[in-house]
Amino acid sequence: MDDIFQTVFLKYAQAKDFNDREHEKAWIVKVTMNACKSTYRDWFHKHASLSDVIETYGISQENTSYMLDALYKLNENYRKVIYLHYYEGYKIKEIADILHKKENTIHTWLKRAKDELKDLLGGDLDAFR
C-alpha cells in the first residue's frame, strides 16, 4: 500500500499543471488504479505457482506431473487466463482489466488454452478433475 502511495505521489510531483481540480482528481484516481493493477500483476507474475494450486485442489499424484507438463506447454498468456479464471475465480471482464486486454482477447485465449489442453491431454479433460 505504501509503495502505491509513493508511486502516485512521485508521479504527481512530476506532473504538469492541471486544468482544474476535477482534472487533477480524475488524474490521481486513474494513476492510483493503474498503480494498483501494476502491483497486483507484478505480484501475480512472481508468486503464482500452478503446482501449488494443483496440490490445493487434490489432483492425484499420478496425474499431477502429466497435467503440469501440459499446462507448462501452453503459451504464457494462456496459462495466466486459465489460472485467473479457473483457480482464482475471476470473470472474463476482471481478467481483461487485470491484464489490460480486451474481453474478446481473453475469451479467445481461454478457448485456445482449453483446446490446446484437450489435445495435449488426449481429449479427456474430465479425467483430471
Side-chain angles (χ1 to χ4, degrees):
M1 186 70 128
D2 291 338
D3 291 341
I4 293 170
F5 174 78
Q6 183 177 4
T7 300
V8 173
F9 182 77
L10 289 173
K11 287 183 181 187
Y12 180 76
Q14 297 170 350
K16 301 190 190 263
D17 293 335
F18 298 99
N19 297 338
D20 56 29
R21 296 297 267 171
E22 286 301 313
H23 179 240
E24 183 178 25
K25 180 181 175 183
W27 182 91
I28 289 171
V29 168
K30 186 66 174 174
V31 170
T32 303
M33 286 173 45
N34 288 339
C36 290
K37 289 177 185 177
S38 178
T39 299
Y40 174 77
R41 186 174 53 249
D42 291 344
W43 182 92
F44 170 78
H45 189 68
K46 292 176 186 172
H47 294 93
S49 170
L50 290 174
S51 57
D52 292 345
V53 172
I54 286 173
E55 288 175 17
T56 301
Y57 285 89
I59 297 172
S60 70
Q61 284 294 342
E62 64 188 46
N63 291 333
T64 300
S65 63
Y66 185 59
M67 185 172 211
L68 273 178
D69 288 343
L71 287 170
Y72 283 120
K73 287 179 184 176
L74 294 177
N75 171 304
E76 181 180 352
N77 291 327
Y78 297 174
R79 282 195 311 265
K80 285 179 186 178
V81 296
I82 290 284
Y83 179 83
L84 289 170
H85 186 67
Y86 290 105
Y87 297 110
E88 293 293 329
Y90 286 103
K91 296 181 182 341
I92 300 295
K93 181 176 180 3
E94 295 169 325
I95 297 170
D97 290 342
I98 290 167
L99 298 178
H100 300 289
K101 299 292 181 189
K102 294 180 180 180
E103 287 182 50
N104 286 340
T105 301
I106 302 304
H107 277 287
T108 300
W109 286 355
L110 200 53
K111 176 163 183 6
R112 289 178 182 169
K114 290 190 289 188
D115 289 346
E116 280 189 35
L117 275 176
K118 188 173 183 177
D119 290 342
L120 290 168
L121 298 173
D124 186 14
L125 295 178
D126 292 331
F128 294 93
R129 291 187 179 174

task: Carefully, step by step, assess Trp109 and Lys101 under the rule side chain to side chain contact (heavy atoms under 4.5 Å, CB included).
output: CA-CA 11 Å; Trp109 286 355; Lys101 299 292 181 189; 3.8 Å; yes
message: Let's go through Lys30 and Asn34 carefully: what are the C-alpha distance in whole Å and the side-chain angles of both, what is the deciding distance for side chain to side chain contact (heavy atoms under 4.5 Å, CB included) to 0.1 Å, and is it a yes or a no?
response: CA-CA 6 Å; Lys30 186 66 174 174; Asn34 288 339; 4.0 Å; yes
- prompt: Should Val81 and Leu99 be marked as a side chain to side chain contact (heavy atoms under 4.5 Å, CB included) after you check the CA-CA gap, both sets of side-chain angles, and the distance that decides it?
  reply: CA-CA 9 Å; Val81 296; Leu99 298 178; 4.1 Å; yes
Pairs under 3.5 angstrom only: tabulate donor-acceptor contacts from the side chains of residues 19-28 to other protein residues two or more places apart or in another chain.
residue : atom : partner : partner atom : Å
Asp20   : OD1  : Glu22   : N            : 3.2
Asp20   : OD1  : His23   : N            : 2.7
Arg21   : NH1  : Glu24   : OE1          : 2.7
Glu24   : OE2  : Tyr12   : OH           : 2.2

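Partners of Asp115 according to the side-chain contact (heavy atoms from CB on, under 4.5 Å) rule, which considers only residues two or more places apart in sequence or in another chain, are Lys111. Partners of Thr108 under the side-chain contact (heavy atoms from CB on, under 4.5 Å) rule, at least two apart in sequence or in another chain, are Arg112. Scored by the side-chain contact (heavy atoms from CB on, under 4.5 Å) test, Ile92 finds His85, Glu103, Ile106, His107, Leu110 as partners (sequence neighbours excluded). Lys93 meets the salt bridge (charged side-chain N to carboxylate O under 4.0 Å, His left out) test with Asp97; sequence neighbours excluded.
A distance of 4.5 Å separates CG in Leu117 from CG in Leu74, rounded to the nearest 0.5 Å.
Across all their heavy atoms, Ala35 and Thr7 have their closest contact at CB-CG2, 4.5 Å.
By the 4.5 Å heavy-atom criterion applied to side chains, Leu10 and Gln6 are counted as neighbours.
Shown here is Phe9, whose CZ atom has no more than 12 heavy atoms of other residues, nucleotides or ligands within 6.0 Å.
Under the 3.5 Å distance criterion, the side-chain polar atoms of Glu116 are left unmatched by any main-chain donor or acceptor of Ala113.
Cluster partners of Val29, using a side-chain heavy-atom cutoff of under 4.5 Å among ILVMFWY residues and allowing indirect links, are Met33.
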